[in-house]
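Here's the structure, in structure tokens; my notes come after.
The structure displayed is predicted, hence computed values, not measured ones. For the numbers below, each heavy atom of this structure counts, side chains included, while hydrogens, waters and symmetry mates do not. In what follows, every chain begins at residue 1, and chains take the letters A, B, ... in the order their sequences are listed.
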Protein chains: 2
Amino acid sequence: MQEKYCSWEEKLKSSGGRLTTPRKIIFYILSSTPKHLSAEDIYFIIHKKNPKVGLTTIYRTLDVLVKIGFLNKFDFGDGHSRYELIEAPNKQHHHHLICRKCSKILDYTDFIEEEIKLVKATEKALSRKYKFEIKDHVFQFYGVCDKCKK
Amino acid sequence: MQEKYCSWEEKLKSSGGRLTTPRKIIFYILSSTPKHLSAEDIYFIIHKKNPKVGLTTIYRTLDVLVKIGFLNKFDFGDGHSRYELIEAPNKQHHHHLICRKCSKILDYTDFIEEEIKLVKATEKALSRKYKFEIKDHVFQFYGVCDKCKK
DNA sequence: CTAGTATTGATAATGATTATCAATAACACT
DNA sequence: AGTGTTATTGATAATCATTATCAATACTAG
Ligand SMILES: [Mn+2]
Ligand SMILES: [Mn+2]
Ligand SMILES: [Zn+2]
Ligand SMILES: [Zn+2]
């Protein structure tokens with residue numbers, strides 16, 4: 001029952017995928033930023049050094065990374081899907097504060113302990129009651145950031 | 001400092017809006033269902049009895065209702081924004097379970113007491129720490145529903 | 001090195017949501 | 001009830017993020 005931890009490269013290959021140059025670049029970009037990048041964000045970053053990589057490939061690679069469980073896909077309501085690696089240096093389980101005016105996104109980890117307790121209990125109860133197998137959750141707070149309050 | 005409760009009609013008018021036939025129909029449809037309707041869902045429902053009402057009007061009305069604070073807009077990841085009245089008969093503050101396979105959405109109210117406590121504490125702490133004025137929140141659990149487990 | 005096939009990238013297509021704008025309908029005021 | 005002002009409507013076209021297509025390319029097992 002013990003899952004073996006493995007790198008995204010291993011997971012990719014073990015699922016029949018190939019380790020290609022665009023995929024390595026895209027993963028590297030994702031692992032080098034604390035931001036929540038959109039496909040287009042990544043496209044512009046890549047384009048400076050690797051103008052050949054197309055936007056389509058970026059969308060496809062993001063899908064792959066989400067599918068093998070190394071990437072989270074978020075909708076913060078600004079019209080672009082945004083992505084963030086699940087496991088990364090200096091990154092732990094966290095949630096988001098989103099400014100409704102400027103779309104700034106803030107990671108926070110306050111109350112994560114309490115939250116995890118609540119989530120565990122909720123997952124257990126909901127699984128039993130609704131026969132729903134819960135895989136993950138998204139908590140987001142919306143409001144107005146410091147600067148946008150004027 | 002006491003907010004006066006008022007109906008959506010009052011709120012609409014007090015903000016300079018007009019109480020029109022399409023708006024009344026759309027509100028009525030929203031208040032008569034426990035489902036989470038998309039603009040297109042509403043369009044098809046309306047179309048049977050009022051074929052004149054256009055899809056554009058539906059999008060605009062939904063925006064208005066969100067803006068005056070009577071309607072929640074959700075993204076459950078199926079490519080359509082979905083809407084649910086905030087105040088409605090037989091409806092209380094709740095969150096959602098979403099099936100990743102069939103997109104079924106389930107309202108749940110379990111642990112709402114504990115959750116409200118956590119939310120209150122979180123809001124207070126985050127407001128102080130990040131100078132972020134929190135207006136609302138979205139909690140969602142994702143997984144696989146009973147039927148989709150086969 | 002080679003065969004087999006997953007992946008790429010240029011391009012076109014899709015589809016939900018928005019913008020435009022002339023025609024219409026609320027409504028405040030007689 | 002009638003009128004003038006102006007918010008709203010609805011038909012239509014436009015936008016724009018994301019997907020589908022498909023021939024060319026590049027991984028990788030053997
Ligand atoms: Mn984050
Ligand atoms: Mn609901
Ligand atoms: Zn802001
Ligand atoms: Zn399901």
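Nearest to the side-chain atoms of B:L55 among the listed nucleotides C:dT17, D:dA17, D:dT9 stands C:dT17.
Two residues are said to be in side-chain contact when any heavy atoms from C-beta on lie closer than 4.5 Å; B:F74 and B:H96 meet this criterion. Looking at heavy atoms from C-beta onward, A:D110 lies in side-chain contact with B:K129 at the 4.5 angstrom threshold. For the pair A:L97/B:F132, a side-chain contact is recorded, criterion being any heavy-atom separation below 4.5 Å from C-beta on. Between A:N72 and A:V66 there is no side-chain heavy-atom pair separated by less than 4.5 Å. Annotation: side chain of B:F76 is in contact with side chain of B:I105 (closest heavy-atom distance under 4.5 Å). At a threshold of 4.5 Å between non-hydrogen side-chain atoms, the residues B:K91 and B:E84 count as touching. Between A:H95 and A:E115, some side-chain heavy-atom pair lies under the 4.5 Å cut-off.
For the pair A:K24 NZ and C:dT7 P, the interatomic distance rounds to 14 Å; values are reported in whole Å. When the C1' atom of D:dA17 is taken as reference, atom NE2 of B:H80 falls 15 Å away, rounded to whole Å. Following rounding to the nearest Å, A:I25 (CD1) and C:dT7 (P) show an atom-to-atom distance of 16 Å. B:L12 places its CG atom 13 Å from the C1' atom of C:dC27, with the value rounded to the nearest Å. Here D:dA7 presents its C1' atom at 14 Å from NZ of B:K67, a figure rounded to the nearest Å. In this structure, NZ of B:K73 is placed 14 Å from P of C:dA16, rounded to the nearest angstrom. Going from atom OH of A:Y83 over to atom C1' of D:dT18 covers 9 Å, rounded to whole Å. Protein atom CD1 of B:I58 is 14 Å distant from nucleotide atom C1' of D:dT8, rounded to whole Å.
In this model, no donor atom of one side chain and acceptor atom of the other lie less than 3.5 Å apart for B:D41 and B:H80. Side-chain N/O atoms of B:D107 and B:H36 include a donor and acceptor closer than 3.5 Å.
The overall bend of the helix from C:dC1-D:dG30 to C:dT30-D:dA1, read as the angle between its terminal helix axes built from five base pairs each, is 50° when rounded to 10 degrees.
Aromatic ring orientation, A:F141 versus B:H137: tilted (interplanar angle from 30° to 60°).
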Between protein and nucleotides 24-28 of chain D, what N or O pairs are separated by less than 3.5 Å?
from	atom 1	to	atom 2	distance (Å)
D:dC27	O2	A:R18	NH1	3.0
D:dT28	OP1	A:K13	NZ	3.3
D:dT28	OP1	A:L19	N	2.9

Between N or O atoms, less than 3.5 Å apart, protein on one side and nucleotides 11-13 of chain D on the other: list the pairs.
from	atom 1	to	atom 2	distance (Å)
D:dT12	O4	B:T56	OG1	3.4

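When each of B:E40 and A:G16 is assigned the nucleotide of DNA chain C bearing its nearest heavy atom, the one mapping closer to the 5' terminus is A:G16.
With B:R18 contributing its side chain and B:K13 its backbone, the two residues share no donor-acceptor pair below 3.5 Å.
OP1 or OP2 of C:dT17 has at least one side-chain nitrogen or oxygen of B:S81 nearer than 4.0 Å.
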